[in-house]
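No hydrogens, no waters, no symmetry mates; every other heavy atom, side chains included, goes into these values. Letters go in sequence order (proteins before strands), and every chain restarts at 1. Quantities reported herein were computed from a predicted structural model and do not represent experimental measurements.
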2 protein chains.
Amino acid sequence: MEDQFIKAATLIGDATRAAIMWTLLDGRAFTATELSIAVNTSPQNMSMHLGKLLEANLLCVEKQGRHKYYRFSNKEVAYVVEAMANLIPKPEISSKSKIENYPPIKYCRTCYDHLAGKIGVALADSLLEQKIIIEKSNTFEISTEGEKWFSDFGINIEDAKKQKRIFLKPCLDWSERRYHIAGSIGTFLLNKMLEQDWIRRTANSRAIIITGKGEKELLKNFNVVV
Amino acid sequence: MEDQFIKAATLIGDATRAAIMWTLLDGRAFTATELSIAVNTSPQNMSMHLGKLLEANLLCVEKQGRHKYYRFSNKEVAYVVEAMANLIPKPEISSKSKIENYPPIKYCRTCYDHLAGKIGVALADSLLEQKIIIEKSNTFEISTEGEKWFSDFGINIEDAKKQKRIFLKPCLDWSERRYHIAGSIGTFLLNKMLEQDWIRRTANSRAIIITGKGEKELLKNFNVVV
DNA sequence: TCAATACTTCATTCTATATTTAACTATGGT
DNA sequence: ACCATAGTTAAATATAGAATGAAGTATTGA
């Protein structure tokens, strides 16, 4: 019991392995070489560390030819890493859009059931910018114009409100250190975008692929450059 | 960003410090000496480790005479430790009461908004035993007799169901490795017991004090020996 | 078939940091 | 005033386990 806990803690608590976990947090799968570059260590050392994480079932691999793709083996692992990320002092919530200062958006991912990552954050910024949602003492609310916008987008706000869970709340994105949209409305947004084939889920990770159509629509609707 | 994450990870990821965190998970505050005994190391070494955890703001202290009481400095820290505990393979949910095999119940604590720890688990066992709640494919449900019981206890089930959150679910207690009652009904139960002065919250931790009245009532209603 | 790439294995070296030894301060009880 | 208890600090030592170096296997592509 206790020793198993300590084992898990010491596994994650090595600088190199912690960096691996941090890298994998965005939900994509990485190859061993990619990871060794990202984490700035030798391939041999990476191999050693990945072996340990693998054996402890914190990571899993998928072999594709001569490549091996590593990712978190289950959501519990992601929870740990996110909980640790959450220990870092939070930045202030900012309703001012900073999309224009962004480097090209590289990836996005789901935060379990809503859109996170760079896209998720940029989308939240845009909705705030357009006053579709408004910030009110650290919570989000839908404006009157916003209600129209959501219904035009094909989302029934009343349905989302009926769900047995929180309707709308800001969710901090650990890698971006910025807020995105969670709650049932977040799920509805994600599902709508999947439905319209703007984005697609990947087989075994939390990463999201943006389709050609999605790229155009994201730019048009949210001024997000993919 | 990344380096801060690594710092937090390596701080928790030392065997001795991980054991400290594990010990503190029950919500009580411990003195440095108690911790050094619990973790099986020297007082000097404990002092060194506590210093590091303190400086990183993972723990905080309260001085009382010549004693220093250490505890998690915020709930985010507890989340990390619990998330790590959650990596350990789960035991099967068991509806059979094991209260009689228990060592004397030493403490209890809140799991944020419901009752956890030994008491929380024993209480869940008793409710299952009395068929007030019944287990159904890894979820909990309230039986027809149970509905009566709750209303007799002064809890309005309809009110609990109306809450914008899950009504009733089993929540795994990390230190006990057993299930207790979460969801809005769990909160209602906790609040009722606070209201009736069976239990009291402590100032700065998740630990719960059981009053004399509570001791009697817990025995009478749930056959729980405090 | 050969060379390049992706990754692994193992024996060796190295180093960060945990622990120990020893000497110290502060508080409380009698 | 005394001694025991609680906790700290600093220098010396020990050691786990991370990184390195050298040599391997497996897969792809040309």
Whether B/Arg17 contacts C/dA18 is assessed here as follows: a side-chain N or O lying under 4.0 Å from the phosphate OP1 or OP2. Is that the case? yes
Could you tell me whether the phosphate oxygens of C/dT19, OP1 or OP2, come under 4.0 Å of any side-chain nitrogen or oxygen in B/Thr16? yes
Is A/Lys63 near enough to D/dT27 that one of its side-chain N or O atoms lies under 4.0 angstrom from OP1 or OP2? yes
Describe the nucleic acid contact of A/Tyr69 in one word from base, sugar-phosphate, nothing, applying a heavy-atom distance below 4.0 Å. nothing
B/Lys192 atom NZ, neighbour heavy-atom count above 12 within 6.0 Å: yes
Parallel, tilted or perpendicular: which one describes the rings of B/Phe153 and B/Phe222, with boundaries at 30° and 60°? perpendicular
Please answer whether the main-chain N or O of B/Gly13 pairs with a side-chain N or O of B/Thr10 as donor and acceptor at a distance below 3.5 Å. no
For a quick test of reading the model: is some side-chain N or O of A/Ser42 closer than 4.0 Å to OP1 or OP2 of D/dG21? no
N/O (side chain, B/His67) to phosphate O (OP1/OP2, D/dT5) under 4.0 Å: no
Phosphate oxygens OP1/OP2 of C/dT27: is one of them under 4.0 Å from a side-chain N or O of B/Lys68? no
Scan B/Met48 against the nucleic acid and name what it touches under 4.0 Å (heavy atoms): base, sugar-phosphate only, or nothing. base
Whether the B/Asn191 and B/Glu195 side chains hold a donor-acceptor pair (N or O, under 3.5 Å, no angle test) is what I'd like checked. no
